Amino acid sequence: MELRITSREMVKPSSKELHLLKPFKLSLIDQLSPTNYVPLIFFYTKPSYSQFPDQLKNSLSETLNQFYPLSGRTKDNLYISCYDEGVPFLEAKVNGNLSDYIEQTELEALNQLLPYRPFCFLPNSTVPPLAIQLTIFDCGGISLALCCSHKIIDASTISVFLKSWAAFCKGSNGELPNPDLLQAASRYFPPIESMPTNSNMKSLLFNEGRRKTKNFVFDAKAIATLMFKSKSKSLKNPSRVVAVSAFVWKHAMIASRSASGTQKPSILSQSVNIRQKVKPQLPEYSIGNLFLLPATTYNPVEEEIKLHELAYLVRETVENVSSDIQGLLQGEEGFKIMSEQLSQMAEMVSKGKVQFYTLISWLNTLDGDEDFGWGKATLFSIPGVDSQNREFSNCIILKKKTRQHKAIEAWVTLSEKEMGFLEKDPEFLAFASPNHNYDKIKI
């Protein structure tokens with residue numbers, strides 16, 4: 001299907017007083033985070049009125065008065081300023097129906113609905129923190145796509161931003177209760193003035209090799225069975241997230257073993273939101289990378305990889321994140337601690353001694369239920385890595401399945417060879433259904 005861009009503009013905050021605000025300081029975790037765009041796409045049936053593009057842009061301008069760092073630009077990996085730079089807002093048209101488009105089996109096809117290329121390391125950290133593309137299909141259905149820079153935006157940040165934007169778009173109150181807490185991340189984890197060049201985080205999250213992304217769905221029955229199979233004396237009540245995470249991790253390891261012919265130790269690094277773990281706790285709208293990536297290693301002594309052992313490791317890794325983390329990650333000493341941990345993992349991965357996976361759960365954060373005035377999204381999707389991408393790492397993202405609240409969708413990125421084995425793994429497919437064409441969408 002042919003897509004053409006019909007307009008490009010910069011949407012800026014409506015307030016004329018933002019230039020009076022001080023620069024927005026990055027946190028230490030922000031400084032360490034490599035710049036790359038994480039994409040989100042929301043599909044909607046035909047809005048009931050024709051002026052919705054202007055309504056989206058006007059309400060976005062109002063929302064940026066609160067989330068002003070998203071309209072600025074990063075300077076020297078220390079702070080964000082120039083809040084009047086704006087958010088790129090593209091409009092496009094597609095000569096085809098929405099239902100036909102999303103039924104394509106390859107997630108890569110969704111990437112042309114994005115304003116920028118996703119999942120690629122960007123050496124220039126001054127790129128816009130946020131970019132948006134609105135695409136209108138012949139049937140009247142639309143897609144609203146966001147590219148969010150992980151330099152300052154994590155899942156909680158964008159989730160609260162979307163809720164605020166949707167509220168303003170409907171004419172409701174989208175104001176934050178305490179905007180002063182937007183900058184809390186840098187108060188808890190102050191930046192260091194002379195950040196040394198540190199490529200360890202980049203080398204873990206971005207490394208050479210052809211990757212492929214596939215979606216798999218776990219329905220309520222499959223999840224319940226996996227929760228039962230994940231039980232052990234050490235873990236009597238595994239959660240849905242723990243059970244599914246452990247299962248996908250297990251079969252990613254099996255795929256790696258099948259592809260390489262050897263069983264390597266495996267490192268799983270989980271994204272943990274620390275807003276509720278610091279003292280005092282922080283609101284979800286605090287902007288920045290307020291998460292840690294605690295890791296656990298599994299080195300099977302037998303050929304069989306045991307699900308209940310993995311489930312225990314997944315749960316314990318999160319539980320062991322200390323409430324005293326802000327005391328451990330302060331200034332130069334905090335940088336040293338994080339750098340040493342990253343360096344050790346990066347060295348093992350670079351030498352091919354271990355397999356490394358990143359696990360992210362959006363189940364309690366991003367749900368795709370935002371209503372901008374024409375109903376909730378018919379589908380909330382994450383595009384896949386494109387065929388030209390040679391640098392993204394192994395990654396597992398868990399999210400709620402649209403319109404099936406008890407189901408979990410696993411977005412899995414592996415090497416092409418490993419994905420070939422995973423897609424043919426009978427034990428994996430007994431619980432995970434390939435999400436070939438999502439669902440039939442009626443426009």
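Computed from heavy atoms alone, side chains included, the values below leave out hydrogens, waters and symmetry copies. Note that the structure is a prediction, hence the values are computed from the model and not measured.
- Contact annotation: the side chain of I152 never approaches that of T157 to less than 4.5 Å [non-hydrogen atoms, C-beta and beyond].
- Side chain of S159 to main chain of A155: no donor-acceptor pair is present (N/O by atom type, distance under 3.5 Å, no hydrogens or angles).
- Under the 3.5 Å distance criterion, the side-chain polar atoms of D76 are left unmatched by any main-chain donor or acceptor of L78.
- Remark: the Q66 side chain and the Y285 side chain contain no N/O donor-acceptor pair separated by less than 3.5 Å.
- Formation of a donor-acceptor pair under 3.5 Å by the S33 side chain with backbone atoms of I29 is found in this model.
- Closest approach of L64 to P13, counting heavy atoms only: CB-CG, 3.8 Å.
- The closest donor-acceptor contact from the side chain of Y83 to the backbone of I80 lies under 3.5 Å.
- Taking the six-membered ring wherever Trp is involved, the centroid distance between the rings of F216 and F428 falls below 6.0 Å.
- If you take CG on L26 and NZ on K75, they are separated by 12.0 Å, rounding to the nearest 0.5 Å.
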Requested in this report: Would you sort out whether F52 and I136 count as a side-chain contact (heavy atoms from CB on, under 4.5 Å), showing the intermediate values?
Outcome: CA-CA 11 Å; F52 67 90; I136 303 175; 4.0 Å; yes

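- A donor and an acceptor atom, one from each side chain of N289 and D30, are located under 3.5 Å apart.
- Listed here is the closest heavy atom pair of Y37 and S149: CD2-N, 3.6 Å.
- Side-chain contact annotation: Q133 with T135, donor-acceptor N/O pair under 3.5 Å present.
- Contact between Q55 and S59 at its shortest, heavy atoms only, is O-OG, 2.8 Å.
- Under the 3.5 Å distance criterion, the side-chain polar atoms of S71 are matched with a main-chain donor or acceptor of G86.
- Side chain of R275 to backbone of S286: a donor-acceptor contact under 3.5 angstrom is found.
- At most 12 heavy atoms of other shown residues, nucleotides or ligands fall within 6.0 angstrom of atom NZ in K376.
- Judged purely by distance below 3.5 Å, without hydrogens or angles, the side chains of S156 and E284 pair a donor atom with an acceptor atom.
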Query - Test side-chain contact (heavy atoms from CB on, under 4.5 Å) applied to V94 and D138, step by step - result: CA-CA 7 Å; V94 172; D138 281 345; over 6 Å; no

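- To the nearest 0.5 Å, atoms OG (S239) and CD1 (I223) are separated by 10.5 Å.
- Put simply, the side chain of W249 never gets that close to the backbone of L310: no donor and acceptor are under 3.5 Å apart.
- A ring-centre distance under 6.0 Å is not found for W165 and F42.
- For K170, the NZ atom is densely surrounded, since the number of other residues' heavy atoms within 6.0 Å is greater than 12.
- With hydrogens and angles left out, the side-chain atoms of N58 and S61 include no donor and acceptor closer than 3.5 Å.
- In terms of heavy atoms, L113 sits closest to S143 at CD1-OG, 3.9 Å.
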Requested in this report: Dump the intermediate steps for side-chain contact (heavy atoms from CB on, under 4.5 Å) on V314 and V241, then the final yes or no.
Outcome: CA-CA 9 Å; V314 169; V241 174; over 6 Å; no

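- Inter-residue side-chain proximity for K57 and E9 is flagged as met; some heavy-atom pair is nearer than 4.5 Å.
- Interatomic distance, OG of S269 versus CD1 of I396, reported as 11.0 Å (0.5 Å rounding).
- The CG atom of L268 sits 7.5 Å away from atom OG of S245, with the distance rounded to the nearest 0.5 Å.
- Shown here for L130 and C148, the closest heavy-atom pair between the two residues is CD1-SG, 4.1 Å.
- Between S433 and D219 there is no side-chain heavy-atom pair separated by less than 4.5 Å.
- Residues V38 and I153 have side chains not in contact (no heavy-atom distance under 4.5 Å, counting atoms from C-beta outward).
- N111 contributes a side-chain N or O that, together with a main-chain N or O of G384, makes up a donor-acceptor pair within less than 3.5 Å.
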Query raised in the report: Would K277 and V272 satisfy side-chain contact (heavy atoms from CB on, under 4.5 Å), going step by step from the backbone distance to the final call?
Result: CA-CA 10 Å; K277 290 184 175 290; V272 178; 3.8 Å; yes

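- Contact of the W411 side chain with the S381 side chain is not registered, since no non-hydrogen atoms from C-beta on lie closer than 4.5 Å.
- Ion pair E409/K399 flagged as a salt bridge, since at least one NZ, NE, NH1 or NH2 atom sits closer than 4.0 Å to an Asp/Glu carboxylate oxygen.
- Remark: side-chain polar atoms of N65 are not paired, donor with acceptor, to backbone N or O of Y68 under 3.5 angstrom.
- The CD1 atom of I192 sits 11.5 Å away from atom OG of S27, with the distance rounded to the nearest 0.5 Å.
- Side-chain atoms of D84 and H19, non-hydrogen and from C-beta on, never get closer than 4.5 Å to each other.
- Here CD of E85 is found 7.0 Å from CE of M10. Values are rounded to the nearest 0.5 Å.
- Side-chain atoms of L144 and L56, non-hydrogen and from C-beta on, do get closer than 4.5 Å to each other.
- A donor-acceptor pair under 3.5 Å links the side-chain atoms of K417 to the main chain of A259, judged by distance alone.
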For residues 356-365, tabulate all N or O donor-acceptor pairs below 3.5 Å that involve a side-chain atom, not counting sequence neighbours.
residue, atom, partner, partner atom, Å
Y357, OH, A252, O, 3.3
S361, OG, L363, N, 3.4

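- Scanning both residues, S271 and F291, for their nearest heavy atoms gives OG-CD1, 3.6 Å.
- Looking at heavy atoms from C-beta onward, F119 lies out of side-chain contact with R211 at the 4.5 angstrom threshold.
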